[in-house]
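Proteins get letters first, then strands, A, B, ... in listed order; numbering begins at 1 in each. As a basis for the values below, the full set of heavy atoms in this structure was taken, side chains included, without hydrogen atoms, waters or symmetry mates.
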Amino acid sequence: MTFTREKDFGTPAKHGETVSLTIDGQPVSVPAGTSIMRAAAMVDTAIPKLCATDSLESFGSCRLCLVEIEGRKGYPASCTTPVAPEMVVRTETDKLRKLRRGVMELYISDHPLDCLTCSANGDCELQDQAGAVGLRDVRFGYEGANHLEGCKDESNPYFTFDPAKCIVCSRCVRACDDVQGTLALTVDGRGFASKIAASQGEDFLSSECVSCGACVQACPTSALIENTVIDKGTPDKSVVTTCAYCGVGCTFRAEMRGEDLVRMVPWKEGKANHGHSCVKGRFAWGYAQHRDRILNPMVRTSVDEPWREVSWEEAITHVASEFRRIQSSYGTRAIGGITSSRCTNEETFLVQKLIRQGFGNNNVDTCARVCHSPTGYGLKTTFGTSAGTQDFDSVEQADVILVIGANPTDGHPVFASRMKRRLREGARLIVVDPRRIDLVRSPHIEAAYHLPLQPGTNVALLTAMAHVIVTEGLVDEAYVRERCDGEAYAEWAAFVSEPARSPEAIEELTGVPAADLRAAARLYATGGNGAIYYGLGVTEHSQGSSTVMAIANLAMATGNVGKPGTGVNPLRGQNNVQGSCDMGSFPHELPGYRHVSDNATRALFEADWGVTLDAQPGLRINNMLDAATDGTFKGIFIQGEDILQSDPNTKHVAAGLAAMECVVVQDLFLNETANYAHVFLPGSTFLEKDGTFTNAERRIQMVRKVMEPKNGYADWEVVQLVANAMGLRWTYTHPSQIMDEIARLTPTFAGVSFDVLEERGSVQWPMNAAAPEGTPTMHLDQFVRGKGLFVVTDYVPTDERTGPRFPLLLTTGRILSQYNVGAQTRRTENGAWHAEDRLEIHPHDAENRGIRDGDWVALRSRAGETTLRALITDRVAPGVVYTTFHHPDTQANVITTDFSDWATNCPEYKVTAVQVMPSNGPSDWQTRYREQSDRSRRIATVEPAE
Amino acid sequence: MTENAGFQTVIDRHALPDQRGALLPLLHALQEEFGHIPQPAVPLIADALNLSRAEVHGVISFYPDFHTEPPARHVIKLCRAESCQARGGAAIEGELARHLGVAMGHARKDGQVALEPVYCLGLCAIGPNALIDGRPVARIDTAGVEAIAREVEA
Amino acid sequence: MSDHAMMSTDERLAYMAEHILRNFATRGEDEAIEATAEHIGLYWDPSMKARATAMADEPGVPLSEAARAVFRRLGEEQPLT
Amino acid sequence: MTRVFISRDMASVALGADTVAEAFAKAGCEVVRTGSRGLFAIEPLVEVETDAGRIAYGPIGPGDVKAVLDGTHANRIGPIGEHPFFSGQQRFTFARCGVIDPLSMRGYAANGGWKGLDAAHALSPQEVVDAVKASGLRGRGGAGFPTGIKWQTVLDTPAHEKFIVCNADEGDSGTFADRMLMEGDPFHLIEGMAIAGHAVGARHGFIYIRSEYPFAVETMHEAIARAASRIEPFTLEVRVGAGAYVCGEETSLLDSIEGKRGEVRAKPPLPAIEGLWGKPTVINNVLSLSAVPFILAEGPQAYADVGFGRSRGTMPIQIAGNVKNGGLYEVGFGLTLGELVNQIGGGTASGRPVRAVQVGGPLGAYFPPSMFHLPFDYEAFAEAGGLIGHAGITVFDDTVDMAKMARFAMEFCAVESCGKCTPCRIGSTRGTELIDRIVAKAPRKADTVETLPQMRNAGTAARTHDEEIELLRDLCDTMKHGSLCALGGFTPYPVLSALDHFPEDFGSAHVHAAAAE
């Protein structure tokens with residue numbers, strides 16, 4: 001579509017009964033509370049404005065938008081004056097024109113005059129309005145006091161702040177305050193001397209700014225502008241697509257100049273992000289054109305040899321023949337594959353189809369194994385379906401927000417901004433986390449209760465909360481009676497009521513004062529709409545599934561499921577981890593969470609695919625690696641995952657991969673797993689293909705091709721090449737056909753198609769005859785399984801115990817600027833914020849080990865050792881240390897063990913017994929690993945055989 | 001670190017959890033105690049009141065009473081408003097600036113005295129008026145200027 | 001469990017079964033055994049189930065009685081594939 | 001032991017009242033420190049208690065103790081009520097000021113104190129609001145908005161928390177009534193706010209006092225502590241400003257109490273509906289709130305009977321600047337400007353003829369003697385292109401240069417602008433530069449930018465004096481109609497009134513140009 005700047009109505013939309021008035025003789029009807037400016041814009045009357053924009057509440061400072069209202073003296077500003085019945089408004093009179101020119105004359109008496117070479121030329125509201133009001137002369141002249149001498153702030157790698165171009169409209173300050181909620185900007189000084197400042201008048205990079213880009217987007221001039229626009233010029237067309245980073249699923253306008261991507265601007269119509277963004281989606285997209293991109297297929301017979309570039313034809317036939325060879329010599333189940341939660345639904349569906357139809361087994365798994373597989377198991381068992389119950393908008397009606405095992409401001413920043421806005425409006429917050437995450441206390445936000453529990457004791461704490469709710473009679477009896485399985489409830493209620501489950505009984509174990517726990521439980525049960533948001537801090541434990549079920553129990557017991565403002569909401573990590581689970585990436589179920597042993601379901605697929613399917617569940621990732629070391633699993637196809645860096649117990653993963661005969665990796669860059677690969681098939685980025693992602697609120701959204709794939713093929717095309725090389729005769733020409741197949745075979749997706757998504761922008765599954773509009777909130781009248789099932793969850797301590805050798809507990813997490821294994825974000829400027837993984841350690845623990853802030857320390861567990869630099873902070877409790885796993889050279893996962901969730905084998909990243917000692921440099925393992933990794937990344941420079 | 005400890009004691013005394021809009025009273029207390037609010041105090045204030053550093057900086061920079069530089073030993077706040085001008089205030093301002101060797105709105109380089117404007121002290125029938133280190137002085141004439149100069153040079 | 005980091009497959013299968021049993025313990029032994037067997041039936045791949053069934057009667061393998069019962073129950077329901 | 005009464009008002013102290021009090025104490029007298037009676041020409045004033053009532057002497061120095069005590073001092077005035085400055089006044093609000101010890105609860109009660117509050121407590125909230133409406137009381141801060149209607153809106157807006165805010169920012173030059181009342185009769189304001197709290201259902205109140213009034217801040221703190229139990233369940237606290245004149249504007253004041261930059265908020269929402277922390281809030285000036293006890297104690301009719309046209313009740317007028325009898329003159333509306341300046345004020349202190357008078361502080365218009373017929377009334381002054389504001393009158397003799405005063409008006413706006421809205425932020429600076437050019441008779445030549453060939457459309461001819469005057473009028477029009485609040489919006493009053501009534505000071509022919517509409 002040609003480049004039409006999104007229409008700006010000037011003030012946000014309001015809801016309420018209709019009010020009718022006339023503007024310039026034209027009748028208009030709008031909801032009560034709507035500004036005259038917005039009403040006029042709705043009938044295409046563009047009243048001049050500069051400080052108003054519809055993503056922000058009206059401010060009334062520029063005074064350009066004055067109008068005349070019959071029966072009212074003076075010239076009220078149309079942005080701050082709501083409509084009233086029978087109001088008669090005039091937006092164009094001689095007096096108004098004179099006043100607007102007068103205001104503009106003042107603006108231009110203190111503004112640079114280099115429009116023609118300005119980086120916002122053609123995209124500047126001051127320029128537009130100067131034209132609109134017909135300014136012809138600045139009678140004050142240009143030599144009065146002015147702000148032309150301020151120097152530019154180019155500290156932020158992504159945008160430049162030029163104070164000389166600033167008209168002090170405060171749109172940036174308000175965007176930072178209301179939309180993002182960081183409040184990092186202010187006006188400094190007053191009167192004519194007023195100027196925009198970050199924090200205490202510092203440069204943006206050293207200020208409190210988190211670089212979300214909202215201020216740059218809100219700025220009407222070139223005072224705040226993207227560096228890519230300065231370098232490349234203003235864009236001329238745009239495509240709406242969905243971000244490929246976290247599970248919030250923000251939609252963006254990818255703005256182009258020809259084939260060149262200039263900037264990503266959040267899309268106002270986006271139902272998940274409503275026009276907001278974070279540093280990753282907004283700015284960190286440079287990796288797509290990074291020189292590390294592998295563009296040609298490569299093959300080698302052994303991992304010790306350098307890579308050999310080959311044609312697509314040779315690579316694909318090599319893969320097909322190797323897999324067939326392995327199956328003939330080691331059996332059908334000797335090969336398998338891993339789908340990516342960063343590729344599209346269509347691509348994930350094809351990989352599991354390749355494995356089930358082509359390989360003839362169910363050996364398919366996905367990275368959800370290591371993050372939210374317990375959510376799948378836990379919510380399916382209690383509610384009947386494996387997905388979160390609400391949409392993101394639901395948080396706007398929450399009265400009590402319980403965040404457990406999640407760090408939204410780092411992991412899901414755009415949703416965190418909406419949560420913070422609700423908290424600023426007065427909702428109460430409970431945080432359960434060993435670490436004092438930012439949400440516990442940051443400007444204008446303070447948790448009513450922070451329960452800093454010992455890592456690994458979630459189930460004990462949640463069951464104790466249940467104890468309080470049941471024994472103090474806070475259960476929503478009517479709800480439970482009507483909506484839940486009575487027998488299961490009775491058993492559960494009896495179990496949690498036992499004294500051993502009381503807060504007092506588990507106070508010593510969890511380290512959480514009983515009084516705080518009781519108060520938090522009472523608040524959640526009685527504080528109105530209770531909404532629980534949780535993340536990997538719940539799932540990545542040996543009792544991950546039990547914790548999810550304990551959460552579900554609390555929600556059911558207090559009637560907090562099945563209406564807006566409540567629910568059990570998993571904050572899923574990656575952009576399409578929800579989609580990859582929906583598409584049947586788990587070895588035990590077909591798309592739509594239907595078990596492989598379900599004959600009716602299998603028959604449906606067998607009829608469509610013309611093969612008989614294996615009725616037995618396949619191998620999980622860790623089982624594949626075990627089988628590999630046992631010599632019974634020899635070949636694997638890994639699309640868009642780096643299990644060597646992201647999965648636990650790196651040595652175990654390495655051993656498994658090394659034992660295989662054909663490891664095929666499809667990715668953008670050579671990654672750690674590729675060190676053990678025999679075939680490398682170049683992947684494509686989300687900018688280079690069509691398809692859909694499904695975010696954490698089950699919202700399916702379009703991903704649209706913005707540029708041709710640099711590597712020649714979209715990922716689904718590569719999978720089709722492999723499939724057809726194995727004789728499957730697939731004939732897809734466009735991802736929409738794959739979605740039609742998914743809809744055909746999956747009841748919860750029956751109504752989904754690319755046409756429907758084009759028309760509605762996005763839709764939340766289930767979407768079928770029973771739910772023609774999709775399902776924002778699930779379990780409305782009854783649970784998907786009929787009656788909500790209470791499940792008794794008893795605390796079973798993990799086998800990963802601290803002791804004299806390993807006295808501290810390590811937990812892991814993520815930071816705003818880096819993403820997952822950092823493959824994408826490390827190839828952007830985001831290193832400016834987090835260039836290396838750091839070990840957070842409490843002052844006491846550091847002191848008695850002689851460790852100072854910034855020192856190199858050795859981090860050792862039963863599984864392995866690595867070194868990184870210490871960061872001394874009281875964010876973590878004594879006895880607990882914390883780090884991230886974004887940078888391969890720290891290889892944090894060499895430390896994590898194989899312990900995992902009893903039901904799903906989701907690894908226990910969050911609890912590892914470790915010791916920390918001062919160190920003088922990288923561990924031997926790290927140096928050996930570095931050498932091996934460099935050796936295996938060599939690419940022979942010989943020309944590929946034609 | 002003692003400097004920050006000094007701020008912290010004043011902050012703890014004023015950042016009462018239930019007092020809403022505590023920032024101005026706290027800034028007044030710091031201004032009173034230290035004669036100014038230095039940059040290192042801002043993060044401590046922001047943390048105590050759970051505000052951003054930007055908010056605190058924005059408020060400090062808005063109000064003329066809050067200074068970020070150490071005060072002169074003596075501060076003369078001379079009224080420049082209309083009623084005092086009607087009673088010869090402008091001439092007195094000139095005499096005082098010349099006599100003390102400091103321009104209106106500035107502190108003398110030696111840090112001995114600062115001459116600051118104030119717009120009305122509410123003594124509008126007995127001007128020209130001033131606050132000399134907080135003490136009200138009225139009907140300032142040439143003799144008055146000399147008396148003030150002697151006092152602040154001591 | 002000696003060095004957990006590098007368990008053999010047999011050790012891992014035994015550990016996983018014990019782990020599942022412990023989490024169903026509140027149902028009482030018999031129900032826990034039945035629930036664990038059902039769980040393994042749903043999620044373990046055929047080769048893992050086959051090995052488990054074989055381990056049930058091998059004397060040398062360290063297994064709790066309950067785990068041995070689970071693996072035996074597996075043999076009855078699942079025809080060896 | 002003779003008892004003498006000496007004022008502790010900031011103005012009296014500035015004139016030496018403390019040294020006089022010490023002298024009388026040393027002479028064995030019982031010295032009672034009071035507020036000021038309000039005529040500064042006779043301060044420091046000493047009133048000696050005798051069988052025939054208090055005999056006033058003023059002005060008195062520390063060396064005059066003996067002459068005062070034996071009644072022979074030349075400045076003997078006799079009973080102060082008979083002094084011409086006081087005999088014509090109707091002191092409803094300032095009756096106790098200068099009479100009682102400001103912090104004596106007993107003295108306050110003995111002189112009619114708390115009568116209004118008790119009367120209010122006997123009435124329902126609606127009845128109290130009706131009384132204020134019936135009195136015809138209008139906002140004394142300057143807007144003149146009917147106080148009763150404002151209270152009705154707050155009463156009618158449901159909320160679990162409401163506030164009473166007293167605007168004691170009195171930053172206008174030539175005004176000091178608020179200061180005098182807070183220093184002289186603090187319980188009176190407290191009583192007024194307690195009545196307001198009862199009337200609209202607010203449990204807590206704030207008094208926002210400017211930091212330039214240290215005496216008033218201290219006295220109010222002490223008075224609130226002493227009166228706390230008497231006004232239960234209503235509670236009060238003082239908040240001190242920080243040198244920003246714009247915080248006299250009600251929404252800027254609310255932002256300041258909330259701990260923010262004092263930037264003006266757009267309306268709606270009205271503070272009466274969504275004010276402090278979004279709660280319904282009564283914001284009234286010290287004098288408006290202090291008029292309420294009289295209305296409840298004596299009944300609204302007694303208050304309404306006094307006044308002129310729609311301006312009912314009394315107004316404590318403050319006569320200041322170059323005037324012989326500067327001070328506080330509380331009287332019903334309707335006296336003419338001339339009576340106030342010449343008869344009551346006694347003309348200039350310098351003895352030179354009065355050339356101009358500014359009414360309503362730095363944002364008020366300048367009036368030449370030819371307009372001294374104007375009755376002191378909101379509507380009359382509005383029609384004459386001026387305003388009453390906080391009822392401060394600043395007198396200038398014929399040495400005044402009105403172009404300099406117009407320049408000062410723009411400069412004052414530039415200094416005190418909150419910086420939010422464009423007409424005021426940029427306009428005030430451009431206005432100051434423009435008037436400098438006009439006064440220096442140096443209209444702007446084309447500047448370097450305009451003469452560049454690339455600036456094809458820019459005018460290159462030098463501007464004329466009249467063009468600069470016309471630009472000043474245009475700027476004033478933009479500021480008057482464009483500004484977000486009265487600071488930028490009213491600055492044109494002093495500028496244009498000076499330009500219109502005293503064109504000669506601007507180097508223009510004496511033509512009476514029509515005031516900008």
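Per-residue counts of heavy-atom pairs under 4.5 Å with chain B were compared for D:Leu15, D:Asp9, D:Asn325, D:Val246; the largest is that of D:Leu15. Of the listed residues (D:Ala349, D:Pro214, D:Gly174, D:Ala244), the greatest number of heavy-atom pairs within a distance under 4.5 Å of chain B belongs to D:Gly174. For the options D:Ser173, D:Gly392, D:Gly326, D:Ala14, heavy-atom pairs under 4.5 Å to chain B are most numerous at D:Ser173.
Side-chain contact check for D:Phe396 versus B:Glu82: some heavy-atom pair is nearer than 4.5 Å. Side-chain atoms of B:Phe62 and D:Cys418, non-hydrogen and from C-beta on, do get closer than 4.5 Å to each other. The closest side-chain heavy-atom distance from B:Ser61 to D:Arg261 is below 4.5 Å. Looking at heavy atoms from C-beta onward, D:Glu212 lies out of side-chain contact with B:Lys77 at the 4.5 angstrom threshold. Looking at B:Leu131 and D:Met10, their side chains come closer than 4.5 Å, going by heavy atoms from C-beta outward.
B:Glu116 does not touch chain D: none of its heavy atoms, backbone or side chain, sits under 4.5 Å away. Neither the backbone nor the side chain of D:Gln318 comes within contact range of chain B, judged by heavy atoms closer than 4.5 Å. When heavy atoms are compared at a cutoff of 4.5 Å, B:Arg135 does not approach chain D at all.
With respect to the salt-bridge test (charged N to carboxylate O, under 4.0 angstrom), the residues B:Arg20 and D:Glu161 qualify.
Atom OG1 of D:Thr394 is separated from atom CZ of B:Arg87 by 11.0 Å, given to the nearest 0.5 angstrom.
A donor and an acceptor atom, one from each side chain of D:Ser256 and B:Tyr63, are located under 3.5 Å apart.
At a heavy-atom cut-off of under 4.5 Å, chain D is reached by B:Val118, B:Tyr119, B:Cys120, B:Leu121, B:Gly122, B:Leu123, B:Cys124, B:Ala125, B:Ile126 from residues 117-127 of chain B, listed in order of number.
Side-chain N or O atoms of B:His28 include one that pairs as donor or acceptor with a backbone N or O of D:Gly241 at under 3.5 Å.
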